[in-house]
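None of these values were measured; they are calculated from a predicted model. Here is the naming used below: chain letters follow the sequence lines, and residue numbers restart at 1 for every chain. Only heavy atoms go into these numbers, but all of them, side chains included; no hydrogens, no water, no symmetry mates.
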Amino acid sequence: MKKRRFAQHTVILITSLAFLTACGQGAASDSVKLLNVSYDPTRELYQEFNEEFVTYWEQKTGQEVIISQSHGGSGSQARSVMDGLDADVATLGLAYDIDAIANQKLIDQDWIERLENNSAPYTSTIVFLVRKGNPKNIKDWDDLTNKNVSVITPNPKISGGARWNYLAAWGYALEKYNDNEKKAQKFVSKIYKNVEVLDSGARGSTTTFVEKGIGDVLITWENEAFLALDELGEDGLQLVAPSISILAEPSVAVVDRVVDKKGTREVAESYLEYLYTDVGQEIVAKNYYRPRSQQVMAKYKDKFPEIELFTIDDKFGSWKEAQEKHFDDGGIFDSIYE
Amino acid sequence: MTVDVSKYGENRMQYVTHKKKQVNWTKRILVTVMLLYLSLFLLVPLVFIFTKAFEQGAAVYFAAITERDALSAVKLTLLVAIITVPLNTIFGVAAAWCITKFQFRGKQLLLSLIELPFAVSPVIAGLVFVLFFSPRGVLGPLLTDWGIKVIFSVPGIIIATMFVTLPFVARELIPVMQAQGSAEEEAAISLGANGWQMFFRVTLPTIKWGLLYGMILCNARAIGEFGAVSVVSGRIRGMTNTMPLHVEILYNEYQFSAAFAFASLMSLLAFLTLIVKSWIEWRTEKEQQV
């Protein structure tokens, strides 16, 4: 009989333990919790920005805000939010991924107009990272089509950064061949024939190229390239800016259904707006994103290489059109990369 | 079908020692091959982990394993193991019991079902739970109304881990209980023991060794599981980040030494498991001698 009671007690103890940890995560009343679901290369940016915002918010309202971060490939992060990850704000790699969340009615359709500059408080572009001394003499997109060059870029079917890479190459080709789509496709497929490792995300590609030492050139975000130089030393690597590239606009949005449920709308909106302030823009620039503010950009001008930038709307109409034509199943990328 | 391995081993030893001291080439070659194989695939990577971990000195090492998010990952992983292992132990004993002591239709099916988690890729398992519990899924809307959060939170991680570690205890116990038969238990019942008395006094002592072994394997997997957990976790630092996920995060943040430091911590946990296992083995043998 004694043992039976012991067994019962054990079961009760375990279930209550599970409940306690599941529920016990509610914090004290005078603090608010914010979850920022972001994509891969923004880890360092938001680490710094969050600290700044916590102090700002405490001074302004006296309330403590605890910010949690989640990072991953932009597409898969959007997927998690749709599947119920309670993100107060989504700060993803491209507008299309936030549109996808909006299509599930979690974010209002007009989100892109709610903040300035298409709700993209910072921009970036696509550049190359090569081995020190540039042994394969890579100067522009044309050099990536050479047969003896091994290219590293992530998979555009799943990675946001990879889509920017692909579209940047495509835009260059359109410019070069006077908008001849057939020639552009041939040009881009030549580049993808040279791809040695097709990782699942931008950060994965960077570690493949830098840490594992595979490939002659990495196509990547400008901020990611600078960060790699910073973190891993400039001895082995150097940045090459192509003549033409794409203006990448990583978008941010408050996830309406989540903030309304949690009652965090006010702090979530201030969080995103704070990105546009001088303090926010300084942090953005320090982390190698191109700031929107003219003054801050002027201050950091020397940091960023001069590249002729085109927008996605210039060359492709819109994200939706680009996505359908190039990356959906049966799209051009499928025929390029078989 | 099952053979008492320990006795077989003894006979075999006697057989070998009785033989003249002759050079046994087959044995030597096999031992060399095994040692080479083990050192190549086990020892060298292990040494590599520890050298990488201490590459930037002990200060970086200890900072990596005592940092706030790291500690929370350790805590979460231990919590998952503390809940998963007992539950799967109870289930494993029950399953092994009903499979070995009773005859019923669909027994083979039940056996295959128990082994299903071995056959299914953990990532698929994770995705199934996401589909099932997500707000757009089958059970999700109901749970959301009740304010219960499963996916991207601790319960989801526990469920995914339970799924993956489900077969371990049952798999270890079934052969042991089959070999044991039910004669002793029937004797106990006929002498007037009730069900619990029979279980704790007759069954448990004989299956103790297999049970502990199964629990240890279950525990090791619960701590190390990556695939299924990574799908349901949501990777919120300090909240739904387990130890294996934390290693990946550190690696992706260019903190290679810290990543390996944390990996070495997990290796230490594995060593601890090995030590506990050997200790149990030693105790069991000692008990049997007395």
Results of salt bridge (charged side-chain N to carboxylate O under 4.0 Å, His left out) for A:Asp329 - residues two or more places apart only: A:Lys157
Over all heavy atoms of both residues, which pair between [X] and [Y] is shortest? Give the atoms and the distance, please.
X        : Y        : value
B:His246 : B:Glu67  : NE2-OE1, 3.9 Å
A:Ala253 : A:Ile98  : CB-CG2, 3.8 Å
B:Tyr251 : B:Ala259 : N-CB, 3.7 Å

Cation-pi geometry met for A:Arg203 and A:Tyr39 (6.0 Å, 45°): no
Toward chain B, the part of [X] with a non-hydrogen atom under 4.5 Å:
X       : result
A:Arg79 : side chain
A:Ser80 : both
A:Leu85 : both

Selection from A:Met82, A:Glu44, A:Lys261 maximising heavy-atom pairs under 4.5 Å formed with chain B: A:Met82
Parallel, tilted or perpendicular: ring planes of A:Tyr271 versus A:Tyr46, cut at 30 and 60 degrees: parallel
Plane angle bin for B:Phe54 and B:Tyr61 - parallel if under 30°, tilted between 30 and 60°, otherwise perpendicular: parallel
Proximal component of B:Ile148, with respect to chain A [non-hydrogen, under 4.5 Å]: neither
No-hydrogen, no-angle side-chain donor-acceptor test under 3.5 Å, A:Gln69 and A:Asn36: yes
Contact listing (chain A partner; residues 128-139 of chain B; heavy atom under 4.5 Å): B:Val130, B:Ser134, B:Pro135, B:Arg136
